[in-house]
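Please read the structure below before turning to the comments.
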Amino acid sequence: MASIRKILVANRGEIALRIIRTCRERGIKTVAVYSDADRMSPHVLFADESVFIGNSPSSESYLVPEKIIDAAVITGADAIHPGYGFLSENAGFAKLCIEKNLIFIGPSPRAIELMGDKTKAREIITKANVPVSPGTESDIQNISQAIKVAVEIGFPVLIKAAAGGGGKGMRIVHSEADFEKSVKAARSEAKNAFGDERVFLEKYLEEPRHIEFQIFGDSHGNFIHMYERECSIQRRHQKVIEEAPSPVITEELRSKMAEAAIAAAKSCEYTGAGTVEFLVDKHLNFYFLEMNTRLQVEHPITELITGIDLVSLQIDVAEGKKIPFSQEQISPRGHAIECRVYAEDPSNQFLPSTGKLTIHRIPAGNGVRVDAGIEEGQEIPIYYDPLISKLCVHAPDRKSAIKKMIRALDEYTISGVKTTIPFCKYTLNTPQFREGKYDTHFVENYFYPEKTSVKADDKTAALVSALLLQNKHHIQLKKKKNPAGSISNWWKKRHNQK
Ligand code: MV4
């Protein structure tokens, strides 16, 4: 059993800070890596040591396996935590770590590879008796055969890239007439994006909800789940609001899906933290979508409802320890919501809003957790994901969690860039969200950007609201009819004495 003493964090921003914090608590030393654009970034200052790894574009720094490995070897790290994105789901990188005697904090290269190939994943998942949306058994070899399958399962169908995920190389096809040209378009998009033109076919589910299960495996063959997260509020295949537990699934469905998630994890002898994604239709049928072989952005809401530190458990499992509790000992408590605060303009198609974070005052208080990666005064680098922070709340029930989140969003002051905060406030106030009746098409169906547009620039708006708040207090004080000991009386007395 290896004892990890020093971890290189192969990431940046909030997730690098998140990982370093747990390392601190455990007395594990940390090494940060940074690109040119990140010379002054918080994760660099926060780690015990740091290594410069190259130019700002991630293709020349955070995505170069050799640079990360060299940094780990030079600093004498025993393990590498990849965070999410970048090299976290790169089987070749995980293999390279093992070859260099570094512990990769994540699953085996084989599990990453199996689940990364969506056709292979479909195959082994089907064998494990987990429901998948009906479709082709492997990638499309022959158009007329594929058309047969499409006719059999019925239109609309969805063409997906085998190397895909995140929506690239997908095409919805509504009729036989459009089929061949859609396959061609999807193939060329897939080839461009992944260097792999293989595509396959699935029945297209029209109004699905995206519900995912957090799972964990250890190297002793134990598997547990930590319940689900509802992630249907997305735009451009990027989640913005997540909550746990899901407001729609019944206890019966929850245990069926949990069982399927564990079966998926077992099917690839999964170790470490993983997420099994499902689509759930309006009749509450569920279908395996994909398995993410990493820690997810939205993991804090699972931490909030279970009280488990997922990064710490990842380290335990990477050290070869058994998961130190049983399934029965995990009991979810209350309700958690995450709002992702991106430097993006919701009134302009969620395009990145670049600039300097001139004011960044984060909310606090009972049941509020903010994982931020950028500090006031810092420029938001254009090279990476424009996530400023993840605002999470935890309350005894869903209603109070929504109220708490609205309070926290109101308290959050940002200026210098546009953010997704107005979008989150809007969404939390819609009847669809409040009643928990929303699916993955929420943004296109119910979001009208003009509802959140701010007329004045943000800085002026922040100043005006601060002044209005002050003024409220003045009015209250003046309204009181000379209460004994009031500030004004006290001041007058003092003044007259002089
Ligand atoms: C689907 C689907 C409907 N039916 N598969 C989107 C990203 C990629 N991971 C798979 N995706 C989808 N697969 C079938 N058979 C709809 C989507 C989809 C989606 C899924 C989850 C969350 C948001 C989404 C937005 C558009 C499409």
Side-chain angles (χ1 to χ4, degrees), residues 84-85 89 115-123 125-126 130-140 146 149-150 152-174 179 182-183 186 189-190 193-194 196 198-213 228-243 246 248-249 257 260 264 274-294 296-298 338 340 349-350 423 427 432-433 438-447:
Y84 53 71
E89 294 180 279
M115 289 303 169
D117 183 330
K118 308 304 167 197
T119 58
K120 274 191 205 153
R122 245 180 93 88
E123 219 178 287
I125 283 301
T126 310
V130 175
V132 298
S133 183
T136 49
E137 260 159 36
S138 56
D139 62 295
I140 298 174
V149 176
E152 240 174 67
I153 63 180
F155 289 96
V157 296
L158 189 59
I159 300 164
K160 291 182 172 183
K168 270 192 194 130
M170 285 198 338
R171 282 285 183 290
I172 304 169
V173 190
H174 292 278
F179 194 79
S182 297
V183 169
E189 202 174 307
F194 315 109
D196 179 349
R198 292 175 306 137
V199 294
F200 65 103
L201 195 62
E202 267 183 15
K203 169 90 190 150
Y204 179 64
L205 305 166
E206 312 236 18
E207 290 158 5
R209 300 175 70 109
H210 173 140
I211 298 175
E212 59 185 31
F213 273 71
E228 79 282 2
R229 297 182 288 256
E230 164 80 58
C231 307
S232 298
I233 307 285
Q234 321 205 348
R235 46 99 187 91
R236 287 187 279 113
H237 302 291
Q238 278 264 40
K239 298 160 188 161
V240 192
I241 302 175
E242 302 97 339
E243 58 178 317
S246 160
V248 278
I249 68 174
M257 290 177 77
T275 296
V276 183
E277 298 186 339
F278 297 101
L279 293 179
V280 178
D281 70 17
K282 53 175 175 269
H283 310 295
L284 296 184
N285 297 307
F286 69 93
Y287 307 92
F288 172 83
L289 184 58
E290 47 195 68
M291 180 165 187
N292 298 321
T293 56
R294 56 158 196 276
Q296 304 257 122
V297 175
E298 59 274 23
E338 170 178 274
R340 299 193 192 180
Q349 301 166 72
F350 292 93
F423 167 78
T427 301
Q432 289 79 20
F433 189 87
Y438 58 89
D439 60 46
T440 50
H441 300 294
F442 175 85
V443 174
E444 67 218 59
N445 289 344
Y446 299 107
F447 178 56

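When a ligand or atom number is given, it counts from 1 through the structure's own listing order.
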Exercise for review: Mind listing the closest non-hydrogen atom pair of Phe179 and Ala150 along with its distance?
Suggested key: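 Closest approach of Phe179 to Ala150: CE1-CB, 4.0 Å.
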
Please list, in number order, the atoms of ligand 1 under 4.0 Å from a heavy atom of [X].
X	value
Glu202	5 (N), 14 (C), 15 (N)
Tyr204	3 (C), 4 (N)
Leu279	1 (C), 2 (C), 3 (C), 4 (N), 5 (N), 13 (N), 14 (C), 20 (C), 21 (C)
Leu289	10 (C), 13 (N)
Ser133	15 (N)

Check your understanding: Charged N to carboxylate O under 4.0 angstrom, Asp117 versus Arg198?
Key ->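 Looking at Arg198 together with Asp117, the answer is yes, because their closest N to O distance falls below 4.0 Å.
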
Exercise for review: Considering only NZ, NE, NH1 and NH2 on the basic side and carboxylate oxygens on the acidic side, decide whether Glu228 and Arg209 come within less than 4.0 Å.
Suggested key: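 No, no charged N to carboxylate O under 4.0 Å.
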
How close does the nearest protein non-hydrogen atom get to [atom], and which residue and atom is it?
atom	value
atom 21 (C) of ligand 1	His210 ND1, 3.4 Å
atom 5 (N) of ligand 1	Lys160 NZ, 2.9 Å
atom 4 (N) of ligand 1	Leu205 N, 2.9 Å
atom 9 (N) of ligand 1	Glu290 OE1, 3.0 Å

Exercise for review: Please say which of Glu243, Glu212, Glu242 ends up in a salt bridge (Lys or Arg N to Asp or Glu O under 4.0 Å) with Arg229.
Suggested key: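 For Arg229, the salt bridge (Lys or Arg N to Asp or Glu O under 4.0 Å) test succeeds with only one of Glu243, Glu212, Glu242, which is Glu212.
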
Practice item. Look at ligand 1 and say whether Met170 reaches it with a heavy atom at a distance under 4.0 Å. Key: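 Yes, Met170 has a heavy atom closer than 4.0 Å to ligand 1.
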
Check your understanding: Quick one: does Glu277 get a heavy atom under 4.0 Å from ligand 1?
Key ->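 Contact check Glu277 vs ligand 1: negative.
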
Review point. So with a 6.0 Å cut-off around CD of Gln432, is the heavy-atom count from everything else above 12?
Key: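 Enclosed: over 12 neighbouring heavy atoms sit under 6.0 Å from CD of Gln432.
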
Practice item. Look at atom CD of Glu444 and say whether more than 12 heavy atoms of other residues, nucleotides or ligands are closer to it than 6.0 Å. Key: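 Atom CD in Glu444 is crowded, with more than 12 foreign heavy atoms closer than 6.0 Å.
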
**Study point:** Tyr446 and Tyr438 aromatic centres sub-6.0 Å
**Key:**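 Judged by ring-centre distance (under 6.0 Å), Tyr446 and Tyr438 do not meet the cut-off.
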
Exercise for review: State yes or no: are the ring centers of Phe286 and Phe213 separated by less than 6.0 Å?
Suggested key: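 Here the rings of Phe213 and Phe286 have centres that are no less than 6.0 Å from each other.
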
Point to revise | Selected option - heavy-atom contact closest to atom 6 (C) of ligand 1, from Gln234, Lys203, His237 | key: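 Considering heavy atoms of Gln234, Lys203, His237, the nearest to atom 6 (C) of ligand 1 sits in His237.
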
